[in-house]
Amino acid sequence: MAAVVTAGLAVLALLAASWAPQAGAPNLALWLFAGFIVAGELYPLPVPRGEREGRITTSTTFAFALLLLAGTAAAAVVLAAASLLADLLGRKPWSKSLFNVGQLTLSVTAAGVTLLLLVGTPVAADPAPFRPAELPAIMLAAAVFFCCNVGLTGTVVALTEGLSLKQLLWRDLSFHASAAAVLLALSPVVVAAAERSLALVPLLVLPMVAVHRVASVYVERQRQALHDPLTGLPNRALFRDRVQQATLAAQRSGSRCAAMVIDLDRFKEVNDTLGHDAGDLVLREVAPRLRGVLRESDTVARTGGDEFGAVLWGVTDAAAARQVAGKMRAALQRPFDVQGLALDIDASIGIALFPDHGRDHRTLLTRADVAMYAAKRARVGYKMYAPEQEQRSPAKLALVGKLRRAVQDDQFVVHYQPQVRLETSQVNAVEALVRWRDPQRGLVAPDEFITVAEDVGLIEDLTRSVLRKSLQQCRQWRAAGLAIGVGVNVSAHSLQSLDLPDVLASLLVEEDTRPQDLALEITESAIMSDPERAKTVLTRLHDMGISLAIDDYGTGNTSLLYLARLPVQELKIDKSFVLDMVSDRPAALIVRSTIDLARNLGLRVVAEGVESKEQWERLADLGCDVAQGYYISRPLPGPELTIWLEASRPHSAHPGGSRLGPAG
Ligand code: C2E
Ligand code: CA
Ligand code: CA
């Protein structure tokens with residue numbers, strides 16, 4: 001900046017000293033042009049990135065016209081004065097104003113010199129009117145003016161903000177080129193008009209106004225595309241861009257920067273209980289609180305529903321980043337005043353440092369995400385990324401990102417598989433099995449994402465969504481006269497959360513369903529990861545009237561006696577034994593003894609994985625209560641299963657119960 005200012009001011013001084021304003025007619029043109037230049041400087045064309053200085057203005061046309069009409073010195077002096085006046089009125093800092101004077105002077109001079117070299121004499125000294133043969137030279141000089149202008153400002157911006165000069169110039173040049181081409185091409189026309197009559201000149205302002213408007217609309221559109229309308233903060237796309245800029249700058253200066261992912265903890269509850277307006281109020285209030293903790297140069301963005309992001313430039317070490325995260329959390333822990341209520345909302349913050357945790361913005365953001373989930377799981381507010389937080393391949397990391405969006409956008413559907421009484425062939429329950437409708441891959445099976453969802457703390461939202469959908473389906477069946485209970489799988493993580501009974505209680509009320517219509521399927525391993533806690537939760541669920549089933553029995557080695565002491569009513573024999581029971585004697589023995597023991601302990605027995613008539617008959621012989629499997633029906637979407645259920649509904653004309661469904 002200093003170099004541009006010094007060189008620019010020196011040249012300006014020389015030019016001013018050499019400038020002898022001519023008397024007579026050109027003076028009127030000079031004043032007229034000066035007026036337009038000041039007006040143009042006051043309304044510069046906005047630049048796409050908003051916060052940066054735009055030096056292409058509609059004054060360009062008149063500045064360059066002045067150069068053609070009155071020579072370099074006149075153009076430089078008038079332009080410098082106009083720019084200074086505009087900056088003064090706009091209360092720009094002195095350093096910026098001086099820089100603008102400097103770079104404009106240098107640009108005009110470069111164009112003037114180009115013209116001098118190509119045409120020989122300064123155009124102003126030429127008494128003859130505008131000559132077409134000079135047009136190529138004029139256009140070349142215009143190009144020089146434009147390139148100097150964008151090049152000088154671009155270099156300074158790139159240096160001060162630590163951006164890549166090449167990228168920045170490319171962006172600015174390509175954005176400005178079309179506008180500048182129109183504005184500069186008008187200059188010779190302005191000169192020709194001025195030579196004819198000054199009265200024509202104001203008419204030429206109209207196309208300039210048009211250029212200005214088009215550019216403004218374009219920039220506003222771009223701003224909208226990169227900002228969140230609710231909070232006015234940068235959106236996800238712009239956030240990624242900012243993180244990238246920060247990493248590039250840190251790389252160049254050999255310093256650090258930090259990326260943070262901030263997820264609100266109890267936002268969903270606010271939205272669900274108080275409505276979206278209240279939710280919006282909270283989100284709008286979050287923005288200034290986060291901003292207040294950060295420096296001017298840092299960025300806060302809203303990257304998703306209740307998720308925010310922050311980039312911190314020039315972080316010295318991990319402790320500094322932690323300190324900021326602590327302040328952010330404290331800012332969000334202050335109660336939010338919404339509709340006269342004081343709402344407590346907490347946040348989980350994940351931090352990743354460049355270059356310690358990632359050398360590019362993508363890795364950095366994924367790792368901040370991983371750290372955020374670690375913080376959420378540990379309920380500690382914030383956490384710095386550590387490799388122990390994940391033992392996952394890049395492919396899995398990508399899956400985590402997609403899965404989070406899937407949970408946010410609720411891309412899940414539930415299929416239902418009937419469970420049939422062996423004795424009567426009657427259907428009295430279904431199992432809810434979730435599928436992920438991935439926009440790219442189609443339906444994805446739960447085995448591919450449940451464990452990942454558990455790992456990264458998404459399972460609770462997922463379970464809640466499956467529960468809600470299942471209860472809605474159950475209510476529809478009841479309304480259609482079908483008394484069908486629904487069993488939902490609950491993972492270890494959800495079971496160990498003491499909130500589960502409360503969550504279920506409110507879901508049952510919201511979805512207007514009875515607890516006896518709901519069964520929860522729980523695996524032995526889920527119980528055994530913390531038996532005491534599991535027992536507390538199971539007892540509360542049982543007291544609410546919800547029935548409980550042990551899922552995948554036989555895969556662990558928990559004694560059935562132990563399990564039977566829990567308040568459970570049902571035992572599901574794992575499908576691996578059921579599938580093998582026809583061909584494999586030990587499997588058959590396990591099935592037989594499990595059925596005997598379970599029945600003696602007062603448990604209902606369900607066999608999973610019934611694929612053939614033979615299995616069905618054996619199980620019936622063994623006294624198994626309920627069968628589930630492809631022999632009866634594959635898991636089906638709700639509406640399809642409704643048709644299936646209607647078809648297999650017991651008819652009074654057929655005493656002895658229903659047929660099996662259309663499958664088989
Ligand atoms: P699961 O609880 O053991 O569910 C039974 C699985 O066996 C289902 O697989 C079902 O489609 C499959 N199956 C049913 N009949 C037969 C049969 O005759 N032969 C064979 N070979 N398989 C049969 P799916 O839907 O792929 O689910 C896999 C697992 O994912 C489930 O095993 C369950 O542990 C988990 N899962 C599914 N939905 C949810 C959910 O909403 N929440 C949680 N936490 N886990 C779920
Ligand atoms: Ca199950
Ligand atoms: Ca099972």
Side-chain angles (χ1 to χ4, degrees), residues 403 406-407 410-420 427 429-437 443-473 485-497 500 503-504 507 518-527 529 547-556 568 570-582 587 605-616 619 626-638 641 644 660-661 663-664:
L403 204 53
V407 170
D410 196 15
Q411 295 169 353
F412 298 98
V413 289
V414 180
H415 286 189
Y416 302 90
Q417 188 176 36
Q419 301 176 337
V420 174
V427 185
V430 295
E431 177 175 2
L433 294 158
V434 69
R435 274 95 184 88
W436 170 17
R437 198 186 288 285
L443 277 196
V444 182
D447 288 334
E448 285 189 49
F449 60 86
I450 293 285
T451 28
V452 180
E454 283 172 345
D455 277 1
V456 299
L458 288 168
I459 192 70
E460 287 181 48
D461 284 347
L462 182 61
T463 305
R464 192 197 286 255
S465 149
V466 174
L467 279 165
R468 191 184 286 283
K469 293 191 171 93
S470 304
L471 292 178
Q472 283 166 350
Q473 181 61 70
V486 58
V488 176
N489 294 285
V490 173
S491 72
H493 203 273
S494 308
L495 181 70
Q496 299 295 347
S497 137
L500 185 65
V503 168
L504 274 168
L507 275 174
L518 181 65
L520 298 183
E521 300 192 0
I522 298 135
T523 59
E524 327 173 15
S525 56
I527 294 166
S529 68
S547 65
L548 302 166
I550 305 288
D551 203 357
D552 299 349
Y553 178 73
T555 52
V568 296
E570 197 175 273
L571 193 71
K572 298 187 79 176
I573 307 177
D574 191 66
K575 58 177 173 286
S576 58
F577 304 107
V578 179
L579 283 166
D580 290 348
M581 67 182 281
V582 192
V605 189
V606 180
E608 292 192 310
V610 180
E611 292 188 351
S612 67
K613 191 166 185 233
E614 211 178 341
Q615 280 167 285
W616 171 281
L619 288 163
V626 177
Q628 177 183 350
Y630 296 166
Y631 175 62
I632 299 145
S633 167
R634 291 194 172 255
L636 295 173
L641 193 76
W644 189 96
L660 285 183

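Read the numbers this way: they start at 1 and go in the same order the structure lists the ligands and their atoms.
Looking only at N/O/S atoms, Glu431 comes nearest to the Ca ion (ligand 2) through OE2. Closest N/O/S atom of Asp551 to the Ca ion (ligand 2): OD2. Shortest distance from the Ca ion (ligand 2) to Glu521 is reached at OE1 (N/O/S atoms only).
Separating the CG atom in Leu520 from the CD1 atom in Ile550 is a distance of 11.5 Å, to the nearest 0.5 Å. Atom CG of residue Asp574 and atom CG of residue Asp552 lie 4.5 Å apart, to the nearest 0.5 angstrom. Glu611 CD to Trp616 CH2: the interatomic distance, rounded to the nearest 0.5 Å, is 14.5 Å. Going from atom CG of Leu433 over to atom CZ of Arg634 covers 12.5 Å, rounded to the nearest 0.5 Å. To the nearest 0.5 Å, atoms CG (Asp551) and NZ (Lys575) are separated by 8.0 Å. Atom CG of Leu507 sits about 9.5 Å away from atom CD of Gln472, to the nearest 0.5 Å.
The residue Asp574 has no part lying near ligand 1, judged by heavy-atom distances below 4.0 Å. Within the 4.0 Å heavy-atom criterion, the part of Ile450 lying near ligand 1 is the side chain and not the backbone. In Arg634, neither the side chain nor the backbone holds a heavy atom less than 4.0 Å from any atom of ligand 1. Using a 4.0 Å cut-off between heavy atoms, Lys575 contacts ligand 1 through its side chain alone, with no backbone atom that close. Counting heavy atoms closer than 4.0 Å to ligand 1, residue Pro635 contributes side-chain atoms (C-beta onward) but none from N, CA, C or O. At a 4.0 Å heavy-atom cut-off, ligand 1 does not touch Leu462 at all. The proximity of Lys572 to ligand 1, defined as any non-hydrogen pair under 4.0 Å, does not occur for either the backbone or the side chain.
Side chain to side chain, Gln628 and Gln419 meet the donor-acceptor criterion of an N or O pair below 3.5 Å.
Under a 4.0 Å heavy-atom criterion, Thr463 is not in contact with ligand 1. A heavy-atom separation below 4.0 Å is found between Arg435 and ligand 1.
Classification of Asp410 and Lys469 as a salt-bridged pair holds, one side-chain N sitting under 4.0 Å from a carboxylate O.
By heavy-atom distance, the residue among Thr523, Asp551, Asn489 lying nearest atom 46 (C) of ligand 1 is Asn489.
Classification of the Trp436-Phe412 ring pair by plane angle, with boundaries at 30° and 60°, yields tilted.
When only interatomic distances are considered, the shortest N/O to N/O separation between Tyr631 and ligand 1 does not fall below 3.5 Å. Distances between N or O atoms of Asp552 and those of ligand 1 include at least one value under 3.5 Å. Among the atoms of Val434, some N or O lies under 3.5 angstrom from an N or O of ligand 1.
Between Gly638 and Gln473, the shortest heavy-atom distance links the atoms CA-OE1, 3.4 Å.
Every side chain to side chain donor-acceptor pair (under 3.5 Å) that Thr523 has, sequence neighbours left out, goes to Ser525.
Taking 3.0 Å as the criterion, Asn489 counts as a coordinating residue of the Ca ion (ligand 2), since one of its N, O or S atoms falls below it.
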